[in-house]
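Notes for the one structure printed next.
Here is the naming used below: chain letters follow the sequence lines, and residue numbers restart at 1 for every chain. Hydrogens, waters and symmetry mates play no part in the numbers below; they use all other heavy atoms, side chains included.
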Number of protein chains: 2
Amino acid sequence: MTPQRQLVVDAVRALGHATPEQICTRVQETAPAVNITTIYRTLELLERIGLVRHTHLGHGAPTYSEQEHQHVHLVCHHCGSVAEAPTDLMDQLAARLRDESGFTLDATHVALSGRCADCAEDADADPTDSTEQETDR
Amino acid sequence: MTPQRQLVVDAVRALGHATPEQICTRVQETAPAVNITTIYRTLELLERIGLVRHTHLGHGAPTYSEQEHQHVHLVCHHCGSVAEAPTDLMDQLAARLRDESGFTLDATHVALSGRCADCAEDADADPTDSTEQETDR
DNA sequence: CTACCTGCAAACAGTTTGCCGCCTG
DNA sequence: CAGGCGGCAAACTGTTTGCAGGTAG
């Protein structure tokens with residue numbers, strides 16, 4: 001466990017969810033010379049040994065978190081907000097998939113896409129709202 | 001509706017699921033001068049008017065398909081295979097999300113990640129199999 | 001003539017690779 | 001001295017942008 005690797009672990013812990021880029025910035029606050037390449041290589045290693053995990057929140061870069069951070073993520077494809085839900089939400093779906101097609105679901109690896117409560121209201125109230133963004137869809 | 005646009009529509013129809021790159025290759029078989037930029041711009045337009053839709057199957061490029069192609073996609077993060085399941089699979093989950101958090105789920109927009117039946121068997125049979133690939137996770 | 005459409009080149013984000021030098025055992 | 005580790009530059013994929021010429025109404 002080299003100093004760089006320890007810093008990456010610390011950064012992941014401190015940031016909660018973070019992209020490799022964000023982790024790099026954070027690490028560089030204490031060790032400016034550290035290269036983004038090292039971040040990627042270290043994250044890959046940390047993931048292989050089970051210390052961290054990553055989740056795809058949508059289009060952009062994946063976010064890394066501690067192994068223990070297990071949630072279902074709900075991203076709003078309208079405003080881009082990310083909500084967390086307990087994993088047991090997917091239990092019955094997972095069971096059904098397993099029974100019907102032998103597919104073992106990894107509920108936390110990719111976020112579910114949809115529209116959050118706030119944006120649903122906005123759509124009702126003012127469909128032509130100028131604050132529209134359309135993050136991904 | 002310009003010739004280029006028609007070709008893009010035709011390509012999406014013909015290919016079923018395809019990345020912008022694949023669509024471009026296909027279009028260029030009949031119109032070699034067509035640029036990838038045009039593919040992107042056309043797909044964006046076709047999506048806005050509701051002729052096509054796109055789905056994130058994982059890490060890489062999104063895949064475009066006809067609007068009518070509505071399935072839940074199951075990607076195996078081990079072998080990379082993509083299976084299709086009926087959308088009603090997610091109905092009870094969608095209902096629960098709507099009731100509990102006001103989140104309107106778009107079940108078809110992002111693929112569910114997990115391990116397919118074949119790869120689950122492989123893991124049992126031979127965990128150190130040299131054909132291992134680890135597509136994403 | 002005006003507006004839209006297209007092609008091309010360039011830029012951009014995110015990620016990976018090759019190489020080389022360094023440090024440690 | 002051998003192997004792992006890390007820094008740097010370069011390549012690569014996927015995507016977007018600015019610009020300029022062309023074409024149709």
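- Between His54(B) and His109(B), the ring-plane angle classifies as perpendicular under the 30° and 60° cut-offs.
- For Tyr40(A) and dT15(C), the shortest distance from a side-chain N or O to OP1 or OP2 is below 4.0 Å.
- Distances from the side chain of Ala61(A) to the nucleotides dT15(C), dT6(C), dT15(D) place dT15(C) closest.
- Interface remark: the Arg41(B) side chain does form a donor-acceptor pair with the dG7(C) base, using a distance-only criterion of under 3.5 Å.
- What separates CE of Met1(B) from C1' of dG25(D) is a distance of 18 Å, to the nearest Å.
- Of the candidates dT16(C), dT6(C), dG6(D), the closest approach to any side-chain atom of Thr37(A) belongs to dT16(C).
- The residue Pro3(B) sits apart from the nucleic acid: no heavy atom pair falls under 4.0 Å.
- Nearest nucleotide to the side chain of Val34(B), out of dC5(D), dC8(D), dG7(C): dG7(C).
- Residues Val8(A) and Leu51(A) share a hydrophobic cluster, clusters being chains of Ile/Leu/Val/Met/Phe/Trp/Tyr side chains in contact below 4.5 Å.
- Closest to the side chain of Thr38(A), out of dT6(C), dT15(D), dG6(D), is dG6(D).
- A straight line from CD of Glu44(B) to C1' of dG14(D) spans 15 Å, rounded to a whole angstrom.
- Within the 6.0 Å centre-distance limit, the rings of His17(B) and His73(B) are counted as a close aromatic pair.
- Put simply, Leu57(B) and Leu74(B) are part of two different groups of oily side chains (I, L, V, M, F, W, Y) that touch within less than 4.5 Å, one to the next.
- In this structure, Tyr64(A) atom OH and dT15(C) atom P are separated by 7 Å, rounded to whole Å.
- Look at CD on Glu21(B): it is 8 Å from P on dT13(D), rounded to the nearest Å.
- Taking side-chain N and O atoms only, Asn35(A) has a distance below 4.0 Å to OP1 or OP2 of dC8(D).
- Atom-to-atom, CG of Leu43(B) to P of dG14(D) comes out at 14 Å; the value is rounded to the nearest Å.
- One atom, CG of Leu45(B), and another, C1' of dC5(C), lie 11 Å apart when rounded to the nearest Å.
- Between the CD1 atom of Ile23(A) and the P atom of dG14(C) there is a distance of 13 Å, rounded to whole Å.
- Ile39(A) pairs with exactly one of Thr25(A), Val34(A), Thr19(A) by the side-chain contact (heavy atoms from CB on, under 4.5 Å) rule, that one being Val34(A).
- For the pair Gln4(B) CD and dC4(C) P, the interatomic distance rounds to 17 Å; values are reported in whole Å.
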